[in-house]
Amino acid sequence: MSLPFPSLHTAEASLVLEASGHGSPLWRHLGARVDVADLFPLAGSRTPASFSLDADVPAALSPPAGLGWFGPPAMALRRGARACVAVFDDVTAMLDGQTLRVVSRDAAAGVELEQTIAADQGFTLSTVLRNIGGDALAIDWLASALLPLPAGMARLVSWRGRHNAELVECTEPMPQQAWLREGRRGISGHGGPPGVFVLGEGATHHAGLCLALQLAWSGDNRIAVERDDEGCWYLSAGAVPQPGEAVLAPGECWTAPDALVAVSTAGRNGASAQFHAMVRARMDWPGGVMRPRPVHLNSWEACYFDHDADRIVALAEAAADVGAERFILDDGWFKGRGDDRAGLGDWTCDPVKYPAGLGDLAARVTALGMEFGLWVEPEMVNPDSDLYRAHPDWALHLPGRAQPTARNQLVLDMGRAEVRDYLFGCIDRLLRDLPIAYLKWDHNRDLAPAGGAAQVRGTYDLLARLRAAHPQVEIESCAGGGGRSDAGIAAFTHRFWTSDNIDAVSRVAMQRGFLAFLPPEVMGSHVGASPAHATGRAQALGFRAAVALPGHFGVELDPRALAEDDRAELADWIAFHKQWRHLLHSGQTWLGDGADGLVWQAQGSREEFLLFVVRTAPPLDRRPQPLPLPFLDAAGAVDLRLLRIAGGGHGHAAHSAPLFDAMAQGGARFAGSWLARAGLPLPPLKGESVLILHGRAAA
Ligand code: GLA
């Protein structure tokens, strides 16, 4: 290897390795940007430690677990019942611009590993393992990333969740021993994308060192932070295949899911900005560019399974009247689907509910000036379906064992080509026969029995095939709300349904969790009914709309059920969203907290942005404290216009002051440094209200 210190640099970070004779490159640094000129060799700086091997085995890109590396393993391999320890002794590193490719071979073990690290906004790590031996090679573990954490990291931020309570943020100190987040349900799960944020001492949303990782993977996975006895923390992450699943015949290879790694010195927001850029780069929009996100009306909470052509046409007319641009017919349209007990698998229109067929319905929707979208749940089958009666063996099962149902359904074995062919046939026919612009692709249960990596890859394969055949069709990933929102499936989809819980108070924290990993334009956020179906809590329409506004906006109610003034207000919010979506969906997102329970987010750029200041609970302080907006520190002068105060209900009118009146009329000018450090003065906000401001750098 001719490069002594193979290194990659982003604007904020450096990844530095050191050539190690013929072995796997050693880790020197992953963290804030450094200069590698005059770098001293690692060996010259490592003192011997007692009770250690005589030959030093420092952390390497792929260290020799079982032969001197005692930290977390990069891989665990077997040939039959024997452990196969790869000690790479033939390594080539090639740096091509911002991409480093390291090919490591151990001819004796019969293992070749190709690791590619591409640097742009962050680092994307790709790993392929090839069996170059003469007999079968079993992979029990292959890390997508095994990274040393920079010294001085202090906290871990992760998310957990369940159906209707996605993305609950958890912050904890660095572990003394180990920390683990493992998904075993076959989908990425309601805790959000498989990932973690690691924060340096004192790091905030806005400042300080933050290293974050997410796997581009929608199945079982393991993310661990472990401390070794040298005191260093290692972050490892990878997909978890089923036992015995990853067995390579000679010449075969196994591709680990990509690991997206964001390293920022601008805190959590800096890391999220890198994630957003990396996820945006993986997405495949029809025509190559994202169009303005059309406002949805989705039929589910408007009528659940209780619909027919008349009701849906009336709903579609009401949707068009308030300004919706895409109408999605949710669950219940296909044969036998009067409730959730039957029909999944048989993707033909219910002739009783829709005697003139879906073609007629779709034509009526498109005649209203809206796109037509359709709900499907391709990977599932009800035992009460023609498909199951014809092919009971197509559902995932273990011979001789029970097949646990969930929501009365089983999971099709997506690893089988004939299953994928059948599903391609069904969906392709729908897309060919009908003017469908959009599929809401659902997945309403955990996997039991497990489907392993084959299930995930089978689904990706089907999605890729459908995308290739129908490149103009956009797809939403949904799994009982946000059970499958991740950068893996993002390569084939264009939106995520964030949660079946549309309660705006619940949504505030959930959406912030979502935005940690994924950009706002793919965050499905709807105005739901009041009281919210998931929680029973009632909220003002303005509050519900303002909380939904930053994402891919939509409506999840029947506008005809609203009083006339509410319906007019909904139409007004939709128009407001259309006016501002270009700012919301193309730039950066900054999240922050204020005093007394306030949270805020800004979207756009430092030159022009929308700012949302959200108060969920009523204030406790007599007067609102100013709100520091650190992202504006270097912005020069900023003109702020108060666009709306949404929600806040009835009762006493909120007090105003001349400054806020001026901000609401022509706007007011502030120094960026004042806004960043002293803070934006705020009018009083009631519980469940959102202040929306427009900011623009002064010319
Ligand atoms: C899931 C989705 C809902 C809806 C139903 C239909 O729960 O999250 O939005 O589509 O399925 O059965």
Side-chain angles (χ1 to χ4, degrees), residues 161-167 185-192 218 296-307 311-312 315 319 324 326-347 350 353 372-382 384-385 405-411 427 436 438-447 474-486 489 493-503 506-507 510-511 514 522-529 532-535 548 551-558:
R162 62 162 172 90
H163 178 229
N164 280 334
E166 281 85 347
L167 287 153
R185 293 170 183 271
I187 47 178
S188 34
H190 293 83
S218 312
H296 282 194
L297 188 136
N298 188 65
S299 73
W300 181 239
E301 290 204 2
C303 51
Y304 294 100
F305 291 107
D306 184 15
H307 52 81
R311 181 152 188 199
I312 289 297
L315 183 62
R326 183 185 271 162
F327 179 86
I328 298 97
L329 176 57
D330 207 288
D331 198 354
W333 58 268
F334 44 101
K335 200 159 60 84
R337 192 68 169 171
D339 53 37
D340 65 12
R341 285 187 294 248
L344 291 173
D346 302 341
W347 298 108
D350 183 334
K353 290 179 179 175
F372 179 66
L374 194 65
W375 181 94
V376 289
E377 197 181 0
E379 296 139 282
M380 299 294 156
V381 64
N382 285 117
D384 185 0
S385 66
T405 51
R407 208 192 191 206
N408 311 301
Q409 62 200 52
L410 296 170
V411 185
I427 313 279
I436 294 176
Y438 183 81
L439 290 173
K440 177 175 175 182
W441 185 296
D442 217 330
H443 183 295
N444 275 321
R445 60 162 293 175
D446 296 327
L447 269 56
E474 290 189 11
I475 302 177
E476 174 174 56
S477 172
C478 174
R484 190 160 59 182
S485 306
D486 58 75
I489 207 160
T493 56
H494 309 90
R495 189 189 209 246
F496 298 101
W497 181 225
T498 311
S499 176
D500 279 344
N501 181 355
I502 319 174
D503 177 312
S506 307
R507 276 290 185 121
M510 234 181 244
Q511 294 182 176
F514 184 100
V522 298
M523 180 176 77
S525 51
H526 292 182
V527 182
H533 294 191
T535 63
H552 183 170
F553 195 62
V555 177
E556 190 82 23
L557 53 74
D558 186 340

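Because the structure is a prediction, the values reported are computed rather than measured. We count ligands from 1, going down the list as the structure has it; atoms in each ligand are counted the same way.
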I need the contact type for [X] against ligand 1. Using non-hydrogen atoms and a strict under-4.0 Å cut-off, is it side chain, backbone, both or neither?
X      : answer
Asn444 : side chain
Asp442 : side chain
Arg407 : side chain

In ligand 1, which numbered atoms sit nearer than 4.0 Å to a non-hydrogen atom of [X]?
X      : answer
Lys440 : 3 (C), 4 (C), 9 (O), 10 (O)
Trp497 : 8 (O), 9 (O)
Trp300 : 3 (C), 4 (C), 5 (C), 6 (C), 9 (O), 12 (O)
Asp331 : 6 (C), 12 (O)
Cys478 : 2 (C), 8 (O)
Gly481 : 8 (O)

Quick test of your reading of the model: are [X] and [Y] salt-bridged, counting only N-O distances below 4.0 Å?
X      : Y      : answer
Asp331 : Arg407 : yes
Arg341 : Asp384 : no
Glu379 : Arg484 : yes

Arg507 NZ/CZ over Trp497 ring centroid, <6.0 Å and within 45° of normal: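 The answer is yes; both the distance and angle limits are met.
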
Exam field: side chain His190 to backbone Ala479, donor-acceptor pair closer than 3.5 Å: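 Indeed, once roles are kept as given, a pair shorter than 3.5 Å links the two residues.
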
Tyr438 and His296 aromatic ring geometry - parallel, tilted or perpendicular at 30°/60° bounds: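 It falls in the perpendicular class, over 60°.
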
Val527 and Phe553, any side-chain heavy atoms less than 4.5 Å apart: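 In short, these two side chains touch, coming nearer than 4.5 Å.
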
Protein heavy atom at shortest distance from atom 4 (C) of ligand 1: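 Going by distance alone, atom 4 (C) of ligand 1 is nearest to Asp330 OD1, 3.4 Å.
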
Considering all heavy atoms, the nearest Leu344-Trp375 contact: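 What the structure gives for the nearest pair is CD2-CH2, 3.9 Å.
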
Sub-3.5 Å N/O-N/O distance, Asp500 and ligand 1: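 By distance alone, the answer is yes.
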
Ligand 1 to His163 polar contact by distance, N or O atoms, under 3.5 Å: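 In fact, backbone or side chain, His163 has no N or O that close.
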
